[in-house]
Amino acid sequence: MTVMEQRDTRAAPVPPPAWQPRTDPAPLLPDTEPYRVLGTAAAAQADPALLRRLYAEVVRGRRYNAQATALTRQGRLAVYPSTTGQEAGEVAAALVLQERDWLFPSYRDTLAAVARGLDPVQALTLLRGDWHTGYDPREHRIAPLSTPLATQLPHAVGLAHAARLKGDDVVALAMVGDGGTSEGDFHEAMNFAAVWQAPVVFLVQNNGFAISVPLSKQTAAPSLAHKAVGYGMPGRLVDGNDAVAMHEVLSEAVTRAREGHGPTLVEAVTYRMDAHTNADDATRYRSDAEVETWRAHDPILLLERELTTRGLLDEDGIQAVRDEAETMAAGLRARMNQDPELDPMDLFGDVYAEPTPQLREQAAQLRAELAAEAEGGQA
């Protein structure tokens with residue numbers, strides 16, 4: 001009998017304990033269908049004050065998106081990634097956080113920052129090209145808008161983990177699109193968050209496209225929420241256009257994180273009604289019929305239907321909310337139409353706590369060039 005034959009006749013070794021399942025995956029798996037409240041019997045239990053607040057914020061958010069998009073056509077913004085159609089998730093993400101918590105937005109999430117209290121002009125400053133970020137992240141506890149996909153997710157995990165080590169009662173909510181889940185930073189953040197049981201909530205706004213790439217060409221998973229079980233955290237699948245469902249699911253995830261039970265991955269199924277940005281032609285990769293189908297599931301319409309059915313909103317109330325949103329848009333438009341006063345030396349501010357020799361050299365060179373230009377203009 002050969003050595004190989006002897007090896008084949010031996011009993012298979014018993015796997016060591018570390019190989020055994022350590023977590024029951026069932027409680028971590030998301031629902032088979034996106035969780036909904038509006039349009040179901042559960043909607044009757046929704047708090048009227050919350051419904052009104054969500055409605056006002058979503059309508060305001062829609063007008064903000066429209067005004068910012070118009071500013072790109074007027075040359076006042078270099079680019080604007082709209083969240084028209086996604087306002088429910090943007091607003092809910094801001095409202096579920098307490099003042100001491102942190103929001104980690106992507107470049108598309110300026111509306112979430114505004115709903116959290118950030119000045120709309122400051123939220124758009126980066127997209128105007130005037131400043132590194134446009135606001136002090138510590139003032140509103142909003143991290144800089146992240147243009148590279150998913151890089152804000154490990155930052156959120158690090159901040160949340162550090163806060164817990166210090167004993168601070170802080171939760172970080174990190175926002176990302178479906179395209180960002182294809183990045184390595186997404187995997188690293190999820191893995192570290194679960195291993196460390198960091199108080200983080202990951203909100204994936206699945207709007208159907210990573211620019212022009214549909215979700216079906218990014219992943220073969222049953223849903224993005226299913227990815228959570230592989231890391232050992234709960235996954236929630238929710239209707240991203242249902243503002244009440246979004247608020248409920250995110251509130252539960254934030255509470256869970258605050259109480260020390262670790263991270264949660266929330267997938268919000270929504271749709272990007274506008275193009276990727278003003279530089280994109282969405283008609284090249286999706287049909288008008290597809291867009292129209294989603295218009296019937298508009299987050300504003302869903303809230304209006306519930307509020308009017310329950311007698312909590314009438315035509316006068318609708319108009320009052322629209323008027324308030326228009327006032328906000330008019331103020332934003334007027335301020336954005338003012339030419340900003342820019343100092344080129346600001347390029348070197350807030351880069352390092354202690355400027356490097358290279359930065360000091362570059363700053364000195366620019367300062368000399370500016371002084372020479374000023375002298376030439378005076379002559």
Side-chain angles (χ1 to χ4, degrees), residues 23 27-28 30 35 46-47 49-50 53-54 57 88-106 109-119 122-123 133 135-146 150-176 185-186 188-205 225 228 231-236 238 243-268 353:
T23 302
L28 307 181
Y35 176 70
D47 177 35
L50 176 62
R53 174 81 185 279
L54 289 171
E57 291 288 349
E90 296 281 309
V91 166
L95 296 189
V96 298
L97 296 177
Q98 297 185 13
E99 188 175 345
R100 62 183 178 278
D101 297 329
W102 275 82
L103 179 70
F104 282 78
S106 75
D109 301 315
T110 56
L111 174 54
V114 171
R116 182 154 169 77
L118 184 63
D119 182 340
Q122 291 184 341
T133 296
Y135 56 89
D136 180 358
R138 296 177 183 84
E139 181 180 356
H140 295 285
R141 297 211 162 192
I142 301 172
L145 297 168
S146 179
T151 56
Q152 72 276 20
L153 304 186
H155 300 166
V157 176
L159 181 142
H161 181 56
R164 191 181 65 170
L165 292 177
K166 291 172 61 179
D168 294 341
D169 184 21
V170 169
V171 173
L173 192 155
M175 305 177 71
V176 69
D185 293 271
F186 173 81
E188 293 163 6
M190 295 278 287
N191 195 55
F192 274 119
V195 170
W196 289 339
Q197 288 291 282
V200 184
V201 176
F202 299 100
L203 171 57
V204 179
Q205 294 192 88
Y231 298 98
M233 70 177 72
R236 295 297 307 274
V238 60
V244 179
M246 286 297 304
H247 190 276
E248 180 181 325
V249 169
L250 289 175
S251 293
E252 291 174 356
V254 168
T255 298
R256 182 177 180 275
R258 200 181 307 281
E259 292 178 349
H261 301 300
T264 301
L265 171 64
V266 177
E267 177 188 355

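Please read these numbers as outputs of a predicted model, since none were measured by experiment.
Side-chain contact between Q152 and S106 is present, with at least one heavy-atom pair separated by less than 4.5 Å. Side-chain contact check for R236 versus L265: every heavy-atom pair is 4.5 Å or farther apart. No side-chain heavy atom of P30 sits under 4.5 Å from any side-chain heavy atom of E267. L50 is listed as a side-chain neighbour of H247, based on a closest heavy-atom distance under 4.5 Å. Side-chain contact between L145 and F104 is absent, with no heavy atoms from C-beta onward closer than 4.5 Å. In this structure, the side chains of M175 and F202 stay at 4.5 Å or more apart for every pair of heavy atoms.
The side chain to side chain contact (heavy atoms under 4.5 Å, CB included) with L250 is formed by just one residue from the set T255, L95, L97, V201; it is V201. If you run side chain to side chain contact (heavy atoms under 4.5 Å, CB included) between V254 and each of V249, T264, V96, only V96 comes through.
When all heavy atoms are compared, the tightest approach of A160 to A198 is CB-CB, 4.5 Å. Residues A174 and A156 come closest through the heavy atom pair CB-CB, 3.8 Å. Here the closest non-hydrogen pair linking L203 and A93 is CD2-CB, 4.0 Å. When every heavy atom of P234 is checked against every heavy atom of P263, the shortest pair comes out as CD-O, 3.3 Å.
Under the 4.0 Å criterion applied to side-chain N and carboxylate O atoms, R256 and E252 are not assigned as salt-bridge partners. Between D169 and R164, no side-chain nitrogen of the basic residue sits less than 4.0 Å from a carboxylate oxygen of the acidic one, so the salt-bridge criterion is not met.
Donor-acceptor pairing under 3.5 Å is recorded for the side chains of Q205 and E90. Between the side chains of S146 and T151, at least one donor N or O sits under 3.5 Å from an acceptor N or O.
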Exercise. May I have the step-by-step check of side-chain contact (heavy atoms from CB on, under 4.5 Å) for V200 and F192, ending in yes or no?
Key: CA-CA 11 Å; V200 184; F192 274 119; over 6 Å; no

Self-check item: Residues M190, F186; criterion side-chain contact (heavy atoms from CB on, under 4.5 Å); working and verdict
Solution: CA-CA 6 Å; M190 295 278 287; F186 173 81; 3.9 Å; yes

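Taking the side-chain contact (heavy atoms from CB on, under 4.5 Å) definition, one finds that R141 meets it with R100, W102, R116, V170, sequence neighbours left out. Under the ring-ring contact (aromatic ring centres under 6.0 Å, His included) criterion, H161 pairs with W196, not counting sequence neighbours. Remark: Y35 pairs with no residue by the ring-ring contact (aromatic ring centres under 6.0 Å, His included) rule, at least two apart or across chains.
Remark: side-chain polar atoms of N191 are not paired, donor with acceptor, to backbone N or O of E188 under 3.5 angstrom.
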